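First comes the structure, then the notes that go with it.
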Amino acid sequence: MGKIKVKDFNLTHTLDCGQIFRINRVNDWYFVNAQDNFFKIKQIRNEIEFHGVDKEFVVHFFSLNENLPKILKEINKDKYIEKSIDKYRGLRLIKQDPWECLISFICSSASNIPRIKSKLKALSECFGKKITLDGVCNYTFPPPGKINDYGKIMDAKTGFRARYILEANNTIDTKHLNSLRTQPYNLAKNELKKINGVGDKVADCVLLFSLGFNQAFPVDTWIKKTVQLLYFDNNNVSNDRIREFGLDYFGAHAGYAQQYLFMYSRNDLNKGSSLLMA
DNA sequence: AGACAGGGGAGTG
DNA sequence: CACTCCCCTGTC
């Protein structure tokens, strides 16, 4: 176990914004599965406590070494995003395993968070290894090569994504995925898009959530609606233009802006406290 | 009951 | 670009 003091960190916002899906909350504790790790973590004010992984893992996983106040200052371009930053301050990008991240977001297409969670849980239970923490049982995420039975992948309710998952399982080399970290953004993205089932949105999620490309600005339907409303006078704009806008307007940490806008649009935009009423 | 869309993507024209 | 289909499931 371990405890560390944290600054500018909010565990709940960080785990609740759809970056990772294998999480269970039990009272104050979050039980988190990430690749081969299974740990629990809770936050009380400016302190986090964790069991099952070491301090070094926690600091890296939650990007606690990134200067969040500086990043938020950089992306705080107007009163709209400022409102979101005020509400969700402490949300940080998570550094995931690229393979698990890739499969997670292939599963996300035309789906929603509860259903993505159910697919990943089923895949882990079927192809992963059992792992326990404090008497609680769970499963590791199966590496490439292990998700090798089409029928069982279908049984995980993955639907039309099953063939993408099987093909990725048979062809992806984790060393190749990791090598993309040092490539320029566009090159790394084009490499990812060669994988069937991976388009612009999924590629940007993998770049942002696992490969350290903070400028990636994934455009999903929520972000599209929100950006159109706030910055394009609610006119219909192509996903390409939304993404270009995001990068140009918010800069090197556009991905952080995307997460803060996403949280606000998903949780608050339709509840009477619209960003436009700022 | 039946249509519809949900944090997309591929294939076609 | 604009369209259609893909599996499935909750929702209206």
Side-chain angles (χ1 to χ4, degrees), chain A residues 13-23 81 84 88 91 93-94 96 100-123 126 147 149-172 189-210 213 216-230 232 235-247 250 254-271 275:
Chain A
H13 295 332
T14 299
L15 291 178
D16 194 36
C17 59
Q19 298 185 70
I20 57 173
F21 303 97
R22 300 200 300 137
I23 321 162
I81 189 156
S84 179
Y88 296 103
L91 187 167
L93 290 171
I94 291 175
Q96 302 183 42
E100 179 169 355
C101 189
L102 172 69
I103 298 301
S104 298
F105 285 92
I106 286 177
C107 285
S108 78
S109 69
S111 192
N112 54 51
I113 289 177
R115 297 195 49 229
I116 300 163
K117 288 178 91 161
S118 129
K119 292 189 231 292
L120 293 172
K121 183 170 186 285
L123 287 175
C126 183
I147 314 180
D149 184 312
Y150 181 78
K152 290 180 180 174
I153 299 171
M154 283 297 285
D155 289 344
K157 315 259 186 206
T158 51
F160 62 84
R161 308 156 196 87
R163 59 196 167 93
Y164 302 143
I165 295 169
L166 182 65
E167 188 182 331
N169 175 76
N170 293 338
T171 57
I172 294 293
K189 185 165 179 181
N190 285 335
E191 275 305 300
L192 288 173
K193 283 170 70 177
K194 288 179 183 169
I195 303 164
N196 270 318
V198 178
D200 279 303
K201 195 270 178 181
V202 172
D204 276 327
C205 286
V206 174
L207 291 169
L208 181 61
F209 299 144
S210 77
F213 289 86
F217 192 83
V219 179
D220 55 51
T221 56
W222 292 99
I223 288 298
K224 184 176 165 72
K225 282 179 200 163
T226 305
V227 169
Q228 284 176 174
L229 182 63
L230 298 180
F232 288 90
N235 288 312
N236 193 30
V237 173
S238 75
N239 286 13
D240 282 339
R241 276 192 66 193
I242 304 262
R243 188 167 40 257
E244 284 165 18
F245 166 81
L247 228 162
F250 293 112
Y256 268 96
Q258 194 270 6
Q259 285 297 291
Y260 279 85
L261 283 178
F262 176 71
M263 285 293 267
Y264 212 95
S265 65
R266 195 184 63 168
N267 296 330
D268 308 287
L269 202 54
N270 296 317
K271 293 182 182 173
L275 289 178

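Values below: every heavy atom of this structure, side chains too, minus hydrogens, waters and symmetry copies. These numbers were taken from a predicted model, which means no experiment stands behind them. Chain A is the first sequence line, chain B the second, and so forth, proteins listed ahead of strands; every chain is numbered from 1.
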- Got a sec? Which of residues 193-207 of chain A come in under 4.0 Å of DNA chain B, heavy atoms?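 The answer is I195(A), N196(A), G197(A), V198(A), G199(A), D200(A), K201(A), V202(A), C205(A).
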Per the under-4.0 Å heavy-atom filter, residues of residues 108-120 of chain A near DNA chain B come out as S109(A), A110(A), S111(A), N112(A), I113(A), R115(A)
Practice problem: Assign the ring pair F209(A) / F105(A) to parallel, tilted or perpendicular, where the plane angle (0 to 90°) is split at 30° and 60°. | Solution: tilted
* Asked: Is the gap between the ring centers of F217(A) and F245(A) under 6.0 Å?
  -> no
Stems of at least 3 consecutive Watson-Crick or G-U wobble pairs (donor-acceptor distances under 3.5 Å) involving DNA chain C, listed by first number, are B:2-6 with C:8-12, B:8-13 with C:1-6
Can any side-chain N or O of [X] pair as donor or acceptor with the backbone N or O of [Y] at less than 3.5 Å?
| X | Y | answer |
| --- | --- | --- |
| Q96(A) | Q19(A) | yes |
| T158(A) | I153(A) | yes |
| S238(A) | R241(A) | yes |
| Y260(A) | L91(A) | yes |

Write down the distance separating the C1' atoms in dC1(C) and dG6(B), rounded off to the nearest Å. 23 Å
Query - Span of DNA chain B in contact with chain A (heavy atoms, under 4.0 Å) - result: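 In short, chain A contacts DNA chain B from dG6(B) to dA10(B).
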Chain A vs DNA chain C, heavy-atom contacts under 4.0 Å, first-to-last nucleotide span, 5' to 3', is dC6(C) to dT9(C)
Notebook entry, point to check: Can the positive tip of K225(A) be found less than 6.0 Å from the middle of the six-membered ring of W222(A), inside 45° of the ring normal?
Noted result: yes
With sugar-phosphate meaning primed atoms plus P, OP1 and OP2, does C107(A) contact a base, only sugar-phosphate, or nothing at under 4.0 Å between heavy atoms?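 If one applies the 4.0 Å heavy-atom cut-off, C107(A) turns out to touch nothing in the nucleic acid.
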Numerically ordered, the residues 157-164 of chain A set in heavy-atom contact under 4.0 Å with DNA chain C is K157(A), G159(A), F160(A), R161(A)
